[in-house]
Undergrad: 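This is the structure, below, for whatever I ask next.
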Amino acid sequence: MNDDKSESKPIEEELRVLRPRELSDGFIESLHKCLDRPVPHDDGPQPRRGGSFKLFAPLAAVAALILIAFGLVRNWPIREAPAPSKNKIASPAIESPDEQVDELPRPTLIAYNRAIGNEPGSLEELLDYHARTLLPNVPDPDLAYQEWP
Amino acid sequence: MLRRSIHLLFATLFFCGSVTGQLCGEEPFTSRAKVTNAALVYWQAFALLPEQSEEDTKLLNDLEKGSKQVVDARSLLTRSNTALSLISHLKPDTPCRWELIDNGPNTLLPHVSKARMLARLLILQARMDAESGKTEAAVDHLTQALLVARNVDEGVLVQMLVGDSIESLAADAAQSLLPRLGASSRGRFAEALSKLPTRTTFARAMSYERDVFARGVGPIMTVDRAALRQLGSDEDSPDVRAILAGTKRERTKWFEELLAEYSKLIEASKLPLPEANKEFERLESEVQDSPNPLIRLLMPSVGRANQKHAEVDARIAKLETTLRDANTSAGTSN
């Protein structure tokens, strides 16, 4: 125990040296003057801040109304007519991995149109092929899915 | 003072925005009632579809041929349960935007085959439901299958044909289900059908095809031959070789003739069915004998498709009328 105390003394002294000195009253007063505030006194009443609150309340109300209106407009249940996207890609079609390994065409508009023009059953055969090979599915996706009540 | 007020307003907006964002805009999951794009739910269901074996494909194709055999489907339907449950809450009025990226004739349509599979599973499930006496569930599954058919069809010919194929199967299943439905179930089915999005007209599909090819093929007809190879991978076909060998002036002329041919198809599709069939037959023979290689290569053979579309239109209209009449007579007798 004694050894511990003797070891801790130098540390305490080092920490005391590092402790910040207390600020003088003159420095605090000059700081408040710079900040344009009255110096708080322990015995006197604190100055009221009602001016800022009176300004804040109507602004908060206006802001909340704007956000509510924005939210309503954004979530308004409008049924949009389904239309194909007009996003245009300038570059040629990217070669997909399945094109490299399989003979059957990719699921493009032109490939399906040609299948429509071929003998009956061609389109169905192509669709069956794409159903099996695109986004290959797992053998048994039975996740025991149950809807939460 | 004014600057301070503006700062305060922005600070307040930021605070309120972050609070409302936390409350309603940035939730990690979407409640069933708040789905804003059905396509996103369909894609999740596609990812959860079971692997389709040759036997499964045969089973679904037999369904298309009118087979009444549904006992062997139990295994496939059990494996499809998760996907089917996921889409069971989609509403007919929920918008469905597939957001396909327009790349002219090379536009990818990876969703069509998956949507067809999902819808055929729904119809198979409806048949199983009917066999087990679960008529309400059968009505729900048929309605969902019809909703897939309407949602997959954004106006492109192949989408419309896949939609027709699904609707035809659903109409078959509904026909065998009708005698087992009570008045209230018929009324519910009729109401559900009336809320589905409307079917695309054949003329609209043709018009859209023309626009796609005008946007996609037109610009590449006047550029170098390397770009022309986008017309198809089968460069050995005589039509592609003829197009590649043509001059820019010839190609421009061929393209203008192609658009004119599409316009004839659009006009033909507006005629009454018997006349339309005759006109399509004439146009198809014109295409086969056309000196224009671009027409021979790109013009779809649509006479059969128009006939099938008209038949499905008639079948769905008849189903709606039957349900409505049954509902009315039940109401009168009550």
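To find a chain, count down the sequence lines: A is the first, B the second, and so on, and within it residues start at 1.
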Undergrad: Quick check on the interface: out of E209(B), H111(B), M299(B), who has the most heavy-atom pairs with chain A under 4.5 Å?
TA: E209(B)
Undergrad: Under a 4.0 Å threshold between the charged nitrogen and the carboxylate oxygen, would K308(B) count as salt-bridged to D164(B)?
TA: no
Undergrad: Once side-chain contact (heavy atoms from CB on, under 4.5 Å) is applied, do any residues pair with A115(B), and if so which ones, sequence neighbours excluded?
TA: F46(B), V148(B), V152(B)
Undergrad: To check you understand the geometry: which heavy-atom pair defines the closest contact between G104(B) and L109(A), and what is its length?
TA: O-CD2, 3.9 Å
Undergrad: Which answer fits V212(B), side chain, backbone, both or neither, if we ask what part of it has an atom under 4.5 Å from a heavy atom of chain A?
TA: side chain
Undergrad: So which part of L123(A) gets closer than 4.5 Å to some heavy atom of chain B, the side chain, the backbone, both or neither?
TA: side chain
Undergrad: Measure E54(B) against the heavy atoms of chain A and call it side chain, backbone, both or neither at under 4.5 Å.
TA: side chain
Undergrad: Just to verify, what does D128(A) make a side chain to side chain donor-acceptor pair (under 3.5 Å) with, not counting sequence neighbours?
TA: N61(B), R116(B), R120(B)
